[in-house]
Asks: 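Quick one: this structure, given as structure tokens, is what I'll be asking you about.
In this text, all values refer to a predicted model and were calculated from it rather than measured experimentally.
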Amino acid sequence: DIYVPDVSLGYGFNKDVIDLIISRFPNVKHIITCDNGIQCFDGVTYAKSKNIDVYITDHHMSSTTFPEAEVIVNPNKFGSTYEHPEICGAVVIWKVLMHYVEKYKCDTFVSQRIDRLRVFAGISTVSDMMPILYENRVILKDSLIISNILLNSDVEIYLENSRRPLDRAFKNYKTLLRRYRDEYKKIGDEVNEDFYAFYLAPTFNSVKRLAEDMKFAFGLFLAKDPDKFITKLHDLNEERKDLVKKYLSELTPLDNSSIYVYFTDAQPGLLGLLANSVMSTTGLPTFVLNYSSLSGSGRSPYWFSSITNLQDFTILGHECAFGCSFKDIDEVERLNEVVDLKVKEIIKESEDSPQDNSDIYDYEIFTVSEDGLFTPASLYYDFCKELKVYEPFGQGFTKPVGLLHVDMKYVSYQVMGSESQHLKLILPKGVEVLLFNQADLLEDLIKREVFDVEGSLQISEFMGNERVQFNGKVLC
């Protein structure tokens, strides 16, 4: 049986959660965790007092002591020698299932079915912002293959006739993919890692972020009719986007000079998203805290390992995505000072090291070349096709970044979006430049005439037609 977590009870499990599990499943003798447990000392102790064995599967960093569980499987457990520990909690439990089936079942059919669950392990890898390196890369690549089979093939003939719960999960996921293609227009005929990162993961995460019932996420995979769950998840994600936009405009910095710490009265589930939005703009470690509780979430760029650099503070989770809490405002102010000091030290070390500015960007694009010629879109199309060989991209293995030099004398433009918030530039020879949420810059860009855009090339497909696109952000 599955215990669907209650967001209001917080992360992990404690006495209250164990009592709730016992009330729902009176005969429970064993509890297997997924993506939590390594810090749940009291919860494990209480479960054992009720004669319940606890088996922890987790991936979060541990202290030097562990809960007294029957088994702990965690690549980031203190003393672990797992070669590549940066795997997500879903990958950990998937590996446990694979090991169990191979060792105790010796059934090829069952083993193959469990192996296909890697599609969800791949989605979770992107959702939890794991580096797309080593085994994560293989899992994500396989996950995308399975997703595209579900999107485009006739496997529903088999799935529709199956009564197995596992097959229902795949059938319902297939329904979700096709609705996101046919109704919501978020994918074409191919699922890629960007769909996972920018649509699928935020959609599922919106349930927890808005403190809604997690049955909406679990129910999608278990229900006989998934459509109502898909609609609910989509609507929650749209609500989540509106709330983030609202609270982002209302953030209050710690003081007039602070660029690291902000306060808000937004619900707890949104604080990490707010921190990520600020960090994306500043490129600096960012902490967003609740006004009264002085607890919240933080995000930091890859070059600032927050847990390692800030060991004197209560920071739990991952190096670049974490929760945090503080005793009083004095401790918050001390955090601000320590972060500022650490950031300046790291930047100075970087400035003192030999730099090759040519390595900042992987390629450059000019509106018009030095000899007055326009580059045809077909050349960029060939380049994009070559890039596909190296997919999937993601955290730790990023897509090549380009610098586009725009000269507005040769460019036409179009304001787009339901709120006229996006800007499209059309270069000679057909290359389109999409500047999402940057339409408010248009007047200034016309005055500047010449400016640079940082971003990446890709091939966009709509109604069977392909075109070269450069998605980017205007540089000041």
Asks: Are the side chains of F393 and S456 in contact, using a 4.5 Å heavy-atom criterion?
Replies: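 No, side chains not in contact.
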Asks: For F229 and F221, I'd like to know if the aromatic rings sit close, meaning centre-to-centre distance below 6.0 Å.
Replies: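 Between F221 and F229, which both carry aromatic rings, the centre distance is not below 6.0 Å.
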Asks: Are F13 and Y3 close enough that their ring centres sit under 6.0 Å apart?
Replies: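 No - the distance between ring centres of F13 and Y3 does not fall below the 6.0 Å cut-off.
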Asks: Could you list the residues that satisfy side chain to side chain donor-acceptor pair (under 3.5 Å) with E364, not counting sequence neighbours?
Replies: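 Per chain and number, E364 pairs via side chain to side chain donor-acceptor pair (under 3.5 Å) with H405.
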Asks: May I ask you to say whether K246 pairs ionically with D242, meaning some side-chain N is under 4.0 Å from a carboxylate O?
Replies: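 Looking at D242 together with K246, the answer is no, because their closest N to O distance does not fall below 4.0 Å.
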Asks: In terms of ring plane angle, is the pair F322 and F287 parallel, tilted or perpendicular, where the classes change at 30° and 60°?
Replies: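 The arrangement is tilted - the two ring planes meet at 30° to 60°.
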Asks: Do R137 and F397 meet the cation-pi criteria used here (NZ or CZ under 6.0 Å from the six-membered ring centre, within 45° of the axis)?
Replies: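 The answer is yes; both the distance and angle limits are met.
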Asks: What orientation do H84 and Y134 show, parallel under 30°, tilted 30 to 60°, or perpendicular over 60°?
Replies: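 If you compare the ring of H84 with that of Y134, the planes turn out parallel.
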Asks: Tell me, please, which residues at least two apart from R179 pass side chain to side chain donor-acceptor pair (under 3.5 Å).
Replies: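 So R179 forms a side chain to side chain donor-acceptor pair (under 3.5 Å) with E183, Y184, D227, T231.
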Asks: F170 and F120: aromatic ring centres closer than 6.0 Å?
Replies: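 Centroid separation for F170 and F120: below 6.0 Å.
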Asks: Is R299 paired with E319 through a side-chain N to carboxylate O contact shorter than 4.0 Å?
Replies: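 Looking at R299 together with E319, the answer is no, because their closest N to O distance does not fall below 4.0 Å.
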Asks: Is K186 positioned over the aromatic face of Y180, cation under 6.0 angstrom from the ring centre and no more than 45 degrees off axis?
Replies: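 Checked: cation-pi criterion not met.
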